[in-house]
Structures are given as structure tokens and as C-alpha cells.
Amino acid sequence: MQISLRTTGLQGKIPEEISRLRNLRFLTVGENNLIGEVPSGIFNISSMHTLAVDFNQLQGSVPSDIGLTLPKLNSLLLADNRNLGMLQRLRMIDFSDNQIQDDLSFIDSLTNCSSLTVLDLASNLFQATLPNSIGNLSRGMIYIALSNNQLYDAIPLGIDNLLNLRFLLFDSNYLTGNVLIDFQKLKRLEMFDLSRNKFTGIIPSSISNLSMLSYFYMGFNDFNGSIPPGLGTCNNLIELDLSHNSLSGSIPRQVIGLASLSISLNLAGNALTGSIPSEVGLLKNLVKLDLSDNRLFGTIPNTIGNCLRLEELHLEGNSFHGEIPQALSALQGLQGLDISKNKFSGRIPDTLAKLDGLKHLNLSFNQLQGEVPKDGVFLNASAVSLKGNNGLCGGITELNLPSCVFPKSKKKRNLSFALKVTIPVAVAAIFLALLMCFFIFWNRKRTGRRKNISIPSFDSQFLRVSYAELHKATNGFSSDNIIGIGSYGIVYKGVLEQSGTEVAVKVLNLQQRGASNSFLSECLALGSIRHRNLLKLLSVCSSMDFEGNDFKALIYEFMPNGSLEKWLHGEDEQETEPRNLKLIHRLNIAIDIASAIEYLHYGCPSAIIHGDLKPSNVLLDKEMVAHIGDFGLAEIVSTISGEAVQYPSNSLAIKGSIGYVAPECGMGVKASIERDVYSYGILLLEMFTGKGPTDNSFKDDVNLHSCVLKLLPDRVMETVDPRILYEEESGSIKETCLISVLKIGVGCSMELPAERLKMGKVTSELQKIKAIYDQGRMQQHQRSSFIT
């Protein structure tokens with residue numbers, strides 16, 4: 001028997017009558033508005049496997065003999081707890097996001113929980129020190145989160161005994177002292193967060209041993225000394241934050257040249273000295289670089305122009321001098337540039353006005369002179385700050401700068417020269433240019449029908465692709481090169497001749513209604529966003545074919561493992577063996593997709609609604625990493641007005657694919673991120689059941705959501721994809737993980753938008769499930785090896 005009422009808006013107290021349900025196995029009433037205490041009788045239901053009352057306002061305590069009364073419990077999501085040591089089978093404890101006001105003495109009893117892998121106590125009101133017993137938890141611990149509490153004193157010695165830790169999150173507390181962790185023992189660590197505490201001392205050099213580290217946060221503490229150069233050996237690091245400490249010395253070349261950094265490098269608010277090493281140019285995939293409020297000096301190296309994906313550059317509050325480098329003009333994706341409070345001199349380069357995506361520019365409090373441009377970002381006075389530069393003049397009226405004054409004699413000479421020389425020369429040049437353009441156009445028109453137009457030179461930094469090159473790359477758009485057919489066009493595999501780059505070329509069928517708008521929507525949505533799980537748009541081609549017809553194409557990076565659709569349902573005659581996704585692959589792909597959707601909803605300046613999330617729009621690279629593609633129906637929701645922006649489709653039909661479209665679509669409801677959440681929920685259920693939303697087995701009022709919900713939790717294995725069940729790994733760990741995943745799928749695909757889960761919660765829960773499953777597999781393999 002089960003009771004599942006998560007996110008249903010429940011209020012009041014949990015009824016005592018529930019205690020009489022002696023066969024109850026699953027009780028989930030999390031994410032509601034429940035108050036009071038959990039009825040004591042619930043802790044006497046010996047059949048209970050899962051007890052989840054998280055994200056409420058419950059109070060009280062857990063009976064000390066809970067380990068005896070609930071011997072089958074393996075998942076406990078609760079508001080308070082004191083004695084859990086008897087729960088030998090317990091794998092996950094999640095008390096996060098409650099209002100628990102207590103010490104952490106109950107951790108002492110957790111040392112007997114030999115199966116424990118996840119301990120999440122984040123976002124509560126714990127006022128305590130960390131007990132030494134935390135270092136004696138199960139050697140299988142993977143995830144420990146104590147973020148956003150009121151913990152104080154030092155991290156106890158011995159936490160580095162947890163050799164399998166991957167996530168260690170202590171941020172936003174009042175922890176103090178030196179960090180005495182021997183990171184050489186924690187070689188599996190992927191995310192480490194000590195930010196927003198009161199730590200002192202130096203950053204341990206043993207961090208250089210963390211070869212799997214991806215996220216490292218130590219900002220807003222009081223660390224001193226220099227930045228360890230050994231951080232430059234962490235080749236999987238994608239985000240590094242050491243900001244707002246008391247670090248000194250120069251920036252190590254090894255660190256600022258760490259090519260794996262792709263999200264952010266933040267060293268702001270320290271006392272760093274010296275110049276920016278030229279190795280900064282190796283950060284070709286970095287999105288944000290913040291070196292502000294230090295004591296750096298010198299000029300900005302021209303190699304900064306190699307950081308082609310840079311969107312935010314902050315150098316304010318230093319002592320940089322010289323002219324603003326022309327190399328910044330190469331940063332075509334730049335959205336924010338702040339070099340205020342420095343000693344820059346000379347004129348403002350006109351090239352800054354040509355950065356089309358630039359939305360915020362702060363050049364204030366420097367020594368700049370001359371006329372201010374009147375193009376690009378300089379046309380928006382609210383987006384530009386120029387105060388404190390007394391030598392500037394001109395610009396648009398709203399900038400309130402003095403007019404530029406030139407010597408009269410010079411003006412007269414210039415005017416005379418313009419009248420007598422410049423104008424006749426200009427007229428002649430224009431005439432000749434028009435004549436040449438006509439000749440070139442006529443010549444191309446004549447020869448283009450007989451042979452291929454010559455391919456322009458290929459620049460690997462700025463991908464420029466002509467129709468002729470695409471024609472050659474796809475062998476004349478041969479049917480043998482077709483790898484996909486969509487609503488608005490055909491996708492071909494191609495190889496660009498001069499670079500050897502494999503690409504996927506989506507050629508729009510411009511006769512199809514809505515195709516042009518689909519093209520514009522994809523360009524608008526993918527033009528400036530960056531995420532490892534979004535399909536990268538390399539270039540676009542809007543031109544004419546050899547017959548003079550309009551031609552539009554989108555050029556993407558090629559995904560050698562094809563679509564998720566083919567892995568779940570497709571049959572390829574060229575395959576010697578049928579494709580099959582193991583459970584671990586499905587978990588990884590589910591996390592990849594959730595991370596991308598979370599980024600689109602919350603990580604962009606304006607929320608982006610994908611609008612057509614389904615297996616055929618999820619593509620897999622050679623490492624089986626998932627990438628979301630096809631943004632032809634994407635809508636951008638302004639964070640200011642809340643209005644969705646999309647090119648008009650000239651169609652009144654519901655946008656999206658049957659089975660994946662949220663119920664509220666077509667009812668006049670404004671576009672919302674909850675639509676994507678619904679589609680993701682259906683996609684998640686499809687991945688783990690092997691059944692699509694339009695499967696022939698669904699009849700009458702039954703659909704994929706209701707089918708899984710009806711079978712949860714006792715009979716849910718009946719609907720799981722048989723290919724998963726046939727895998728070698730078996731037992732309760734697989735069943736527990738599958739039940740948890742399918743619950744998330746059901747929670748995302750609720751009929752009412754307000755009842756659906758948030759993507760941030762989905763991502764974190766899936767990561768915990770994967771951590772538990774990984775640990776179970778490892779233990780199983782260890783047992784098998786021992787027996788062998």
C-alpha cells in the first residue's frame with residue numbers, strides 16, 4: 001500500500017488515522033504546507049520502506065528505537081531525527097530544506113549505517129559544531145551536504161577517511177580555522193564547496209591531487225597566501241571560485257591557462273598583484289572571467305582575444321593602464337564588460353560599438369579621451385557608464401557629455417578638401433564599385449550554373465560556411481547522407497573540406513509553413529547561450545543556391561551516436577547488434593537533459609522554453625553525453641515583463657509533439673517553464689519504461705503518466721524496460737533507484753503546472769540517485785571479486 005501526495009498543496013496536520021494502515025510501505029507527503037508533528041504511530045508501521053515528509057514545516061523528534069520499529073526503511077526524508085543507528089539498510093538521509101533547530105549529535109548513531117551513501121542536511125537551522133564521528137561514517141559515503149546552516153568551529157579531522165566522497169558541500173555557515181583535509185585521500189571528489197564561511201590559513205596544496213574535481217568553491221572566506229599552482233593540474237575543473245579572500249602574489253600561469261575551465265574563473269576581491277599572464281588565451285571555452293578588485297597592473301594581453309566564448313569580463317578596481325586593446329573586438333559573444341576604476345587612456349575603440357551582443361559596458365573612472373562612438377551599445381545610455389573620464393566628449397545626448405570642439409582652421413581646411421577633392425573621388429569610387437558589383441554578380445550567375453562556386457577560405461575560429469561548401473560537404477545533399485528528417489527540413493551529415501570538421505547540416509524546407517520562423521527561433525535561442533548539454537550551433541547559412549533560390553541552413557556539431565530516440569526505439573539495419581542503454585547510461589542522460597533544461601530556465605538572462613522536448617531532439621556524442629537540439633519552437637520569456645518572445649508561426653496549432661505537450665497548451669495559457677517540465681517528465685518515464693507516450697498499449701483514459709502512477713511503488717517493476725531488468729546488476733539497489741526515478745517522472749508530469757517539480761530539485765535528486773546506484777554497483781563488484 002502507498003500514499004503519494006507530494007506537492008498537492010496539503011495543509012494542516014498529518015492525520016493519526018494513517019498509523020492504522022499496517023501494510024503501508026510508502027508514505028510521501030513532501031513539498032506541502034503540513035505543520036505539527038509526525039504521528040508517533042507511523043514509526044511503528046514495520047512494513048514501511050520509504051517515509052518522506054520533507055519540505056514542510058513539521059516539528060518534533062524521531063523515536064530512539066526507530067531502527068527496531070522500521071527495520072525495512074531504506075529512504076528517510078524527514079524533519080528531525082535522533083537515533084538511526086539500527087537502520088543497517090539505510091542508504092539515503094535527506095533532511096534538506098526544513099527548519100530543524102538542533103545539534104548534530106545524531107550523526108554518532110549513523111556510523112552503524114553501513115549502507116549509507118547520501119547525507120543531505122542542507123538549508124536548515126542547525127546551530128552546532130561538526131561531530132568527529134562524521135569521519136567514521138560508511139566508507140561508501142558519496143554525498144555530504146551541510147550547506148546553508150549555522151554551523152561553527154572547524155572541520156573535524158578524519159573526514160578525509162571517506163575515500164569515496166564525490167560531493168562535499170559545507171558552504172554558507174560560520175565554520176572557522178584552517179582546512180586540514182588531506183585531499184590526497186579524496187581522489188574521487190568532484191564538487192567541493194567551502195564558500196561563505198570564515199576559514200583562514202592557506203589553501204592546501206594537496207588539492208592538486210584531485211584529478212576528478214569539476215567544481216571548486218572557496219569564495220568569501222579569509223584565506224591568505226598564494227594561489228596553489230598545482231590547481232593547474234586539475235584537468236577536469238570547469239568552475240573555480242577563490243573570490244573575496246585575502247590571497248596575495250601573482251596569478252599562476254598554470255591556473256589561468258587551465259583549458260578545462262568553461263563556466264567561470266573568479267579571483268575577484270583579493271590582493272593579487274602582477275599582470276595578467278598571456279596564458280589567459282588558453283581559456284577558449286570560458287564564459288565568465290572575473291579578476292576585479294585586486295592590485296593587478298600592466299596592460300591587457302592581446303591573447304584575451306582567443307577567449308571566444310567569453311560573455312562576462314570583469315577587470316574593474318585594478319591598476320591596468322594603456323589603451324583598451326583592439327583584441328576585445330574578437331569577443332563576439334561578450335555581453336558584459338567592466339574595466340572601470342583603472343588607468344586606461346586614449347580613445348574608446350570603435351570596435352566596442354561593433355560587439356552586437358554587448359549589453360553592459362562600464363568604462364568609468366579611467367583617463368579616456370576623445371569622441372564617444374554613436375553606434376551599438378553606445379546608443380543606450382542606461383547600458384553604458386562613462387563617468388570619471390573628463391576627456392570624453394560627444395556621443396548621444398542622453399550621455400550628457402560636452403560637445404567635441406575642433407580648431408576652426410582645421411575645420412576650414414577639412415571642408416575645403418572635402419569639397420574639392422574628397423567628394424569627386426568618393427563619387428567616382430562609388431560608381432566603380434557599383435560597376436564591379438554588377439560585373440561580379442553577372443559573372444557568378446553565368447558560371448554558377450556550370451560548376452561549383454569556389455569555396456571561401458575557412459577560419460576555424462569564426463566558422464563561415466557558404467552554400468557551395470555545404471553542397472560539397474554533403475556530396476550534393478545526397479540522400480545517402482541524410483541522418484534525420486524533421487517538420488521543417490532535412491538533416492545531412494557532412495565534412496567541411498578545408499577543416500575536416502564533421503558537421504550536421506539542417507537544411508530548411510522554405511516551402512513548409514513556419515520553416516523560416518523556426519530558423520529565426522533557433523538563431524535567437526542558441527545565439528549566445530553556452531552549456532555542455534546543449535547542441536552547439538557552429539554557424540548558419542542564409543544565401544541562395546546555384547539556381548538562385550533562397551537557401552537557409554543551420555550547421556551543428558555532429559553527434560556520432562545519433563538520437564536518444566534510436567537508442568530507445570529504433571532499429572538500424574546496419575547495426576550488427578541491437579542498441580541498448582544500460583541503467584547507468586539512462587541515469588547519466590537523464591541528468592544531462594535535466595541540467596540543460598535547468599540552465600535554460602534559470603541560468604540565462606531570460607528564461608528559454610524549449611517547447612519540443614522529446615527523444616528525437618536529444619543527441620548523443622561519442623562519449624554518450626546528451627545534448628538537446630532543435631530549438632525551432634523555442635520561446636524566450638523576459639525576466640522583466642514575463643512575456644514570451646517568439647517569431648510568429650502563422651499557425652494556430654498547438655506547438656510541440658503529441659504526447660509530450662503539457663495539458664494546458666492550447667488553452668490560451670501563457671508560455672511557461674512548467675511546459676518543459678511536463679515534457680521532461682514524460683521523456684524520463686519513457687527512458688525507463690521503454691514505452692513512448694503514444695504506445696499502442698495505452699487505451700481509454702490511460703496514458704504513460706497514469707500507468708506508472710498506478711503501479712508505484714509495489715508493482716512498478718512491471719512497467720520498467722525489460723532490457724534494464726536483464727542487466728547483471730540486480731537486487732534492491734536497482735529497484736530502489738528505479739522507483740525513485742519514476743517518482744520524479746510522475747512528479748514532473750502532473751496535470752496541473754503548480755504541482756510539477758522544479759528542475760533544480762530534479763537535477764539534485766537524480767544526482768543523489770546516481771550516487772547511490774554507483775555505490776551499490778561498486779559494492780556488488782567488490783563482493784563478486786572477493787568470492788572469485
Side-chain angles (χ1 to χ4, degrees), residues 214 216 226-243 247 249-268 270 272-292 294-339 342 344 346 349 351-352 354-358 361 363 457-464 499 501 528 530-532 536 538-539 557:
S214 296
F216 185 43
S226 58
I227 299 174
L231 274 171
T233 64
C234 300
N235 294 321
N236 283 310
L237 198 62
I238 62 176
E239 186 167 15
L240 173 61
D241 186 350
L242 304 178
S243 64
L247 299 173
S250 59
I251 301 174
R253 297 178 180 274
Q254 300 92 324
V255 174
I256 205 165
L258 187 56
S260 62
L261 289 170
S262 58
I263 297 178
S264 172
L265 172 59
N266 192 347
L267 305 178
N270 283 287
L272 300 173
T273 58
S275 57
I276 301 177
S278 60
E279 283 79 1
V280 68
L282 297 174
L283 301 176
K284 295 182 179 180
N285 295 310
L286 191 68
V287 172
K288 180 178 180 180
L289 176 61
D290 193 343
L291 305 178
S292 61
N294 279 285
R295 300 173 185 174
L296 301 172
F297 53 82
T299 58
I300 300 177
N302 288 327
T303 53
I304 194 78
N306 295 330
C307 303
L308 297 176
R309 294 192 177 182
L310 207 59
E311 296 179 5
E312 294 285 337
L313 177 58
H314 292 269
L315 302 176
E316 67 269 22
N318 285 285
S319 297
F320 293 115
H321 65 267
E323 295 186 349
I324 300 174
Q326 294 286 342
L328 293 177
S329 63
L331 307 181
Q332 291 298 313
L334 201 63
Q335 298 179 14
L337 174 62
D338 192 339
I339 58 173
N342 279 285
F344 289 106
T351 51
L352 289 183
K354 298 178 181 178
L355 295 176
D356 295 335
L358 196 58
L361 176 63
L363 306 178
S457 61
F458 176 79
D459 185 342
S460 62
Q461 299 297 333
F462 298 98
L463 190 57
R464 301 177 187 277
S499 67
T501 305
S528 61
R530 299 285 187 275
H531 193 277
R532 69 185 293 269
K536 187 191 300 181
L538 300 178
S539 184
E557 58 181 337

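If you're wondering where the values come from, they're calculated on a predicted model, not measured in any experiment. Computed from heavy atoms alone, side chains included, the values below leave out hydrogens, waters and symmetry copies.
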Query raised in the report: Which value, rounded to the nearest 0.5 Å, describes the distance between Ser214 atom OG and Leu240 atom CG?
Result: 12.0 Å
Query raised in the report: Looking at Leu291 and Asn294, what are the two nearest heavy atoms and their distance?
Result: O-ND2, 3.2 Å
**Report entry** Student check: side-chain heavy atoms of Thr299 and His321 closer than 4.5 Å
**Finding:** yes
Requested in this report: Hey, could you give me the CG/CG distance between Leu237 and Leu231, rounded to the nearest 0.5 Å?
Outcome: 7.0 Å
Query raised in the report: Can you find a heavy atom in the side chain of Ile324 that is under 4.5 Å from one in the side chain of Pro349?
Result: yes
Query raised in the report: How far does CG of Leu331 sit from OG of Ser329, to the nearest 0.5 angstrom?
Result: 7.5 Å
Query raised in the report: Would you find a donor on one side and an acceptor on the other, under 3.5 Å apart, between the side chain of Asn306 and the backbone of Lys284?
Result: no
Query raised in the report: What residues form a side chain to side chain donor-acceptor pair (under 3.5 Å) with Asn285, not counting sequence neighbours?
Result: none
Report task. Check whether any side-chain heavy atom of Val287 lies under 4.5 Å from a side-chain heavy atom of Ile263, and answer yes or no. Result -> no
Query - Nearest-0.5 Å distance that lies between atom CD in Glu557 and atom OG1 in Thr501 - result: 11.0 Å
Query raised in the report: How about Leu296 and Ile251: do any of their side-chain heavy atoms sit closer than 4.5 Å?
Result: yes
Query raised in the report: Can any side-chain N or O of Gln254 pair as donor or acceptor with the backbone N or O of Pro229 at less than 3.5 Å?
Result: no
**Report entry** Test side chain to side chain donor-acceptor pair (under 3.5 Å) applied to Glu239 - qualifying residues, sequence neighbours left out
**Finding:** Tyr217
Report task. Compare all side-chain heavy atoms of Leu313 with those of Leu328 and state whether any distance is below 4.5 angstrom. Result -> yes
Query raised in the report: Just how far is it from atom CG of Leu361 to atom CG of Leu355, taken to the nearest 0.5 Å?
Result: 9.0 Å
Query raised in the report: Do you know the tightest heavy-atom contact between Asn342 and Asn318?
Result: OD1-C, 2.9 Å
Query raised in the report: Are Ser278 and Arg253 side-chain neighbours, meaning at least one heavy-atom pair lies under 4.5 Å?
Result: yes
Query - Asn266 side-chain N/O to Ser243 backbone N/O, donor-acceptor pair under 3.5 Å - result: no
Query - Minimum heavy-atom distance between Cys307 and Gly281, given as atom pair plus value - result: SG-CA, 4.3 Å
**Report entry** Heavy-atom closest pair, residues Val280 and Pro301
**Finding:** CG1-CG, 3.9 Å
Requested in this report: Show the numbers, then the answer: is there a side-chain contact (heavy atoms from CB on, under 4.5 Å) between Leu267 and Ile256?
Outcome: CA-CA 10 Å; Leu267 305 178; Ile256 205 165; 5.8 Å; no
Query - Step-by-step side-chain contact (heavy atoms from CB on, under 4.5 Å) determination, Ile304 to Leu289 - result: CA-CA 11 Å; Ile304 194 78; Leu289 176 61; 4.2 Å; yes
Query raised in the report: Would you find a donor on one side and an acceptor on the other, under 3.5 Å apart, between the side chain of Asn270 and the backbone of Ala268?
Result: yes
Query raised in the report: Can you name the closest pair of heavy atoms from Asn235 and Ser260 and give their distance?
Result: O-CB, 3.1 Å
Report summary line: The side chain to side chain donor-acceptor pair (under 3.5 Å) partners of Ser264 (sequence neighbours excluded) come to none
Requested in this report: Would you check if the side chain of Asp290 reaches a backbone N or O of Ser292 as a donor-acceptor pair within less than 3.5 Å?
Outcome: yes
Query - Residue pair Leu337 / Leu352: nearest heavy atoms and the distance that separates them - result: CD2-CD2, 4.1 Å
Report task. Kindly indicate whether the side chain of Leu265, heavy atoms from C-beta on, has any atom under 4.5 Å from the side chain of Leu258. Result -> no
Query raised in the report: Looking at side-chain heavy atoms only, is the closest gap between Ile339 and Leu363 below 4.5 Å?
Result: yes
